[in-house]
Amino acid sequence: MQSLLTKLSALFGDAFEEIGIGSSHGTVVVSARPDLGQFQCNGALAAAKALKRNPREVAEQMLEALAEREIFADLSLAGPGFVNATLTDAFIGEWVAGMGRDERLGCPLVERPRNVVVDFGGPNVAKAMHVGHLRSSIIGDSLQRVFRYRGDVVTSDVHLGDWGRQMGMLIMELKREQPGLPYFDEAYTGPYPTEPPIASEDLEALYPRANDRCKNDPEAMDAARVATMELQQGRPGYRALWRHFVDVSSATLKRDFESLGVQFDLWLGESDANPRIPAMLERLEGNGFIEEDQGARVIKLPPADGEKEIEPLIVVNREGGVMYGTTDLATLEQRVNDLHADLVLYVVDARQGRHFDQVFRAARRTGIAGNAILEHVAFGTMNGPDGKPFKTREGGVMKLGDLISMATVQATERMSEAEIAKDYPGEEQELIARTVGIAAVKYADLMNHRTSDYIFDLDKFTRFEGRTGAYLLYAAVRSKSILRKATERGFSPGEVLAPGDRERPLLLQLTRLPDAVEDVYEKRAPSFLCEYVYDLAQTLSRFLAECHILSESDAALRASWLGLVELCLRQFELALDLLGIEIPERM
RNA sequence: GCGCCCGUAGCUCAGUCGGAUAGAGCAACAGCCUUCUAAGCUGUGGGUCACUGGUUCGAAUCCAGUCGGGCGUGCCA
């Protein structure tokens with residue numbers, strides 16, 4: 001099944017084609033002037049401009065050539081050449097009923113599935129996952145769900161930051177604090193302990209100390225750099241210690257991702273590309289792509305058509321260590337060769353734009369990218385209520401786990417104020433509060449267009465009025481509740497009938513889901529689905545305020561209304577699932 | 001210096017490959033619970049779309065410049 005707008009656009013496109021004008025002018029959109037029609041087509045204006053003709057004449061001709069006129073209750077020309085269209089209620093009813101019969105609710109699959117890799121630019125080992133990692137997790141997760149739903153073959157990779165200089169910094173810091181450990185003894189030949197020398201919380205505390213020291217002490221930084229290089233080249237003690245760091249850290253990260261409901265197909269890291277690096281560098285050297293520049297080995301990036309000048313990508317630094325760009329190239333090589341990636345999405349902070357520009361150009365120039373399309377799915381910064389990068393009241397970064405607890409606490413408070421769910425068992429209340437809290441945080445993040453910075457204001461997100469996650473869950477849960485009560489009374493949902501004035505807005509709203517999913521897919525921006533699902537919730541709430549379903553005596557009408565509610569619920573379930581948001585049974 | 005992003009209602013933001021009267025949430029004000037969850041619904045007020053010029057039948061949207069803000073700028077990731 002195709003979307004209604006696609007169908008209408010094709011219809012108008014054919015009419016333009018019929019009169020010798022490109023079908024692309026047939027694009028139909030939801031009307032900006034609902035008083036004049038439900039849909040509009042502005043193609044005649046653009047076409048007339050290109051052809052230097054009178055737009056009204058073009059529009060008139062096009063309308064004469066239009067097929068399937070019987071589905072329109074009104075077709076009219078307005079202003080300089082706008083075409084306004086209103087569908088018959090019979091057609092709208094039949095269309096929505098058709099969506100209901102479709103398992104996919106009218107959302108088409110892609111024609112040619114692609115192999116898509118989603119790179120989450122994962123959190124760094126040894127750093128607790130904090131609110132700054134929310135965006136890539138939440139946006140990337142929604143994107144992987146949407147791409148999969150459209151029929152692509154998706155491989156998501158958390159892609160841990162487990163290989164950079166921070167590892168060398170940690171190794172040296174631990175050496176300073178516990179020099180007696182065997183990992184630092186080059187003469188040590190025995191097996192290394194299986195138990196990690198450091199617990200997760202200690203590791204998290206170690207990193208800031210290491211970071212501070214290296215920032216203020218160039219010698220410490222040099223030592224870290226050397227240690228990093230030695231780690232990369234395989235020094236056994238460092239490798240063993242590094243393994244502990246990764247394992248200890250991963251356990252915490254896995255727990256955090258699980259509580260967010262985010263899953264990955266691959267739990268790889270930068271280190272996994274390491275084995276491929278020597279051969280890759282050798283080949284690139286052999287092909288003449290690598291040059292010496294101020295002691296480093298670099299790939300120069302001469303601008304192609306329309307590109308700006310950009311600095312070369314450093315692949316080997318003057319200590320002989322590899323950089324994260326090198327790692328990215330090797331990782332990409334693996335994704336292209338082994339996963340046959342057609343499209344690679346890097347869901348990473350916008351501030352790394354220049355880095356990806358360099359890596360992508362290097363990958364294309366050297367042929368590593370093959371035919372794969374590389375995209376930096378950039379997102380903006382999350383700021384605190386003061387407009388500056390988000391910090392806790394104490395000035396530190398807030399851990400993800402603490403954030404979820406706070407959201408849960410606020411949800412609990414709000415529920416008790418409103419006397420919501422007060423008769424439910426305590427356990428269920430807790431579960432609802434947690435679900436609502438996480439939904440509040442996720443929706444607040446996803447509803448902003450990904451490229452814009454946004455202000456993280458937990459009080460606002462958990463206020464639960466207006467455009468919030470809780471409002472959506474509330475609407476979804478209400479529809480569940482109505483359907484449940486209907487069943488108790490022996491009523492069941494029936495075929496959706498042609499709408500009257502009360503139902504029409506809801507039916508028209510329901511037709512738009514496939515376009516919202518398509519927008520998310522094409523623009524890699526979940527905010528379009530957020531907007532859709534909010535509009536649906538609001539339209540449904542209005543409908544429910546006007547039409548009292550269970551007290552309706554006309555059985556056919558009641559069944560149709562229940563059919564509508566059921567379809568709304570299925571749309572909520574699909575849309576919220578694609579956003580990674582869970583719906584409670586009741587609340 | 002150079003590069004990227006941004007400036008829309010009191011606040012937070014949509015809308016930007018040109019289209020009709022610039023939208024939403026919050027906040028403010030006025031209504032609606034003996035009926036399926038009032039975390040809801042209805043209504044009112046609120047705008048030099050940073051500024052200046054240009055292209056166009058038509059500009060928040062495109063182009064040039066100005067002002068203001070954020071971010072990034074070779075050996076971290």
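Small disclaimer: the values here were computed from a predicted structure and weren't measured. Each chain gets a letter, A, B and so on, in the order the sequences are listed, and its residues count up from 1. Any value given below was found using the heavy atoms of this structure, including those in side chains, with hydrogens, waters and symmetry copies removed.
Taking the six-membered ring for Trp, A:Phe461 and A:Tyr443 have ring centres at least 6.0 Å apart. Two rings, from A:Tyr534 and A:Tyr471, have their centers less than 6.0 Å apart. The six-membered or imidazole ring of A:Phe360 lies near that of A:Tyr346, with a centre-to-centre distance under 6.0 Å.
A distance of 5.5 Å separates CG of A:Leu579 from CG of A:Leu446, quoted to the nearest 0.5 Å. In this structure, the separation between NE2 on A:His25 and CG on A:Leu51 is 7.5 Å, given to the nearest 0.5 Å.
A residue-by-residue look at A:Arg484 and A:Phe82 shows that A:Phe82 has its nearest nucleotide of RNA chain B further toward the 5' end. Take the nearest nucleotide of RNA chain B for A:His449 and for A:Met415: the residue whose nucleotide is more 5' is A:His449.
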> Do A:Ile482 and A:Leu544 pass the side-chain contact (heavy atoms from CB on, under 4.5 Å) test, and can you show the C-alpha distance, the side-chain angles, and the key distance before you say yes or no?
Replying inline: CA-CA 10 Å; A:Ile482 289 171; A:Leu544 294 178; 3.7 Å; yes

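The pair A:Arg414-A:Glu417 meets the salt-bridge criterion, with a side-chain N (NZ, NE, NH1 or NH2) lying under 4.0 Å from an Asp/Glu carboxylate O.
The closest side-chain heavy-atom distance from A:Leu483 to A:Pro493 is below 4.5 Å. Looking at heavy atoms from C-beta onward, A:Gln232 lies out of side-chain contact with A:Met167 at the 4.5 angstrom threshold. Within the 4.5 Å cutoff, the side chain of A:Lys480 has heavy atoms near those of the A:Ile583 side chain.
Comparing B:C33 with B:G47, their C1' atoms sit 36 Å apart, to the nearest whole Å. Between B:U61 and B:G54, the distance separating the two C1' atoms is 15 Å to the nearest Å. Atom P of B:U52 sits at a distance of 24 Å from the matching atom of B:A14, rounded to the whole Å. Here the separation of B:G72 from B:G53, taken at their C1' atoms, is 31 Å to the nearest Å. Between B:G70 and B:C75, the two C1' atoms lie 26 Å apart (nearest whole Å). Rounded to whole Å, the P atom of B:C63 lies 15 Å from the corresponding atom of B:G3.
For A:Ser541, no side-chain nitrogen or oxygen approaches OP1 or OP2 of B:G40 to under 4.0 Å. Close to B:U37, at under 4.0 Å from its OP1 or OP2, lies a side-chain N or O of A:Lys485. Note on A:Arg478: a side-chain N or O is less than 4.0 Å away from OP1 or OP2 of B:A38. Within the 4.0 Å cut-off from OP1 or OP2 of B:A14, at least one side-chain nitrogen or oxygen of A:Ser452 is found. Put simply, A:Tyr424 has no side-chain N or O that comes within less than 4.0 Å of OP1 or OP2 on B:U37. Distances shorter than 4.0 Å separate none of the side-chain N or O atoms of A:Lys215 from OP1 or OP2 on B:C76.
Between the base of B:A39 and the side chain of A:Glu417 there is no donor-acceptor pair shorter than 3.5 Å. Residue-to-nucleotide contacts include no donor-acceptor pair under 3.5 Å from the side chain of A:Lys49 to the base of B:G19. One N or O donor and one acceptor, one from the side chain of A:Asn84 and one from the base of B:A20, sit under 3.5 Å apart. Residue side chain A:Asn42 does not reach the base of B:G18 through any donor-acceptor N/O pair under 3.5 Å, judged by distance alone.
Among the protein residues, A:Met587 comes within range of the nucleic acid bases, having at least one heavy atom under 4.0 Å from a base atom. Backbone-only contact: A:Gly164 has heavy atoms under 4.0 Å from sugar-phosphate atoms and none from a base.
Near RNA chain B, defined here as any heavy-atom distance below 4.0 Å, the residues from residues 317-331 of chain A are A:Asn317, A:Arg318, A:Met323, A:Tyr324, listed numerically.
Remark: B:C62 base-pairs with B:G54. Criterion, Watson-Crick or G-U wobble with two distances under 3.5 Å.
When each of B:G74, B:A39, B:A20 is scored by its nearest atom to the side-chain atoms of A:Glu311, the top-ranked nucleotide is B:G74. Set against B:A39, B:G19, B:C36, the side chain of A:Ile482 has B:C36 as its closest nucleotide. Out of B:C36, B:G74, B:G19, the shortest distance to the side chain of A:Leu544 is found at B:C36. Counting only heavy atoms from C-beta on, A:Ile420 has its side chain closest to B:U37 among B:C36, B:C13, B:U37. Closest approach to the A:Arg354 side chain among B:A39, B:U73, B:U37 is made by B:U73 (side chain taken as heavy atoms from C-beta onward).
Across every non-hydrogen atom of A:Leu529 and A:Ala516, the tightest pair is CD1-CB, 4.0 Å.
Note: CZ (A:Arg450) to P (B:C13) measures 17 Å, nearest angstrom.
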>> Can you build the contact string for nucleotides 24-34 of chain B? Use B for base contact, S for sugar-phosphate-only contact, and - for no protein heavy atom under 4.0 Å.
In response: SSS--------

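Glycosidic torsion of B:C57 falls outside 90° of 0, placing the base in anti.
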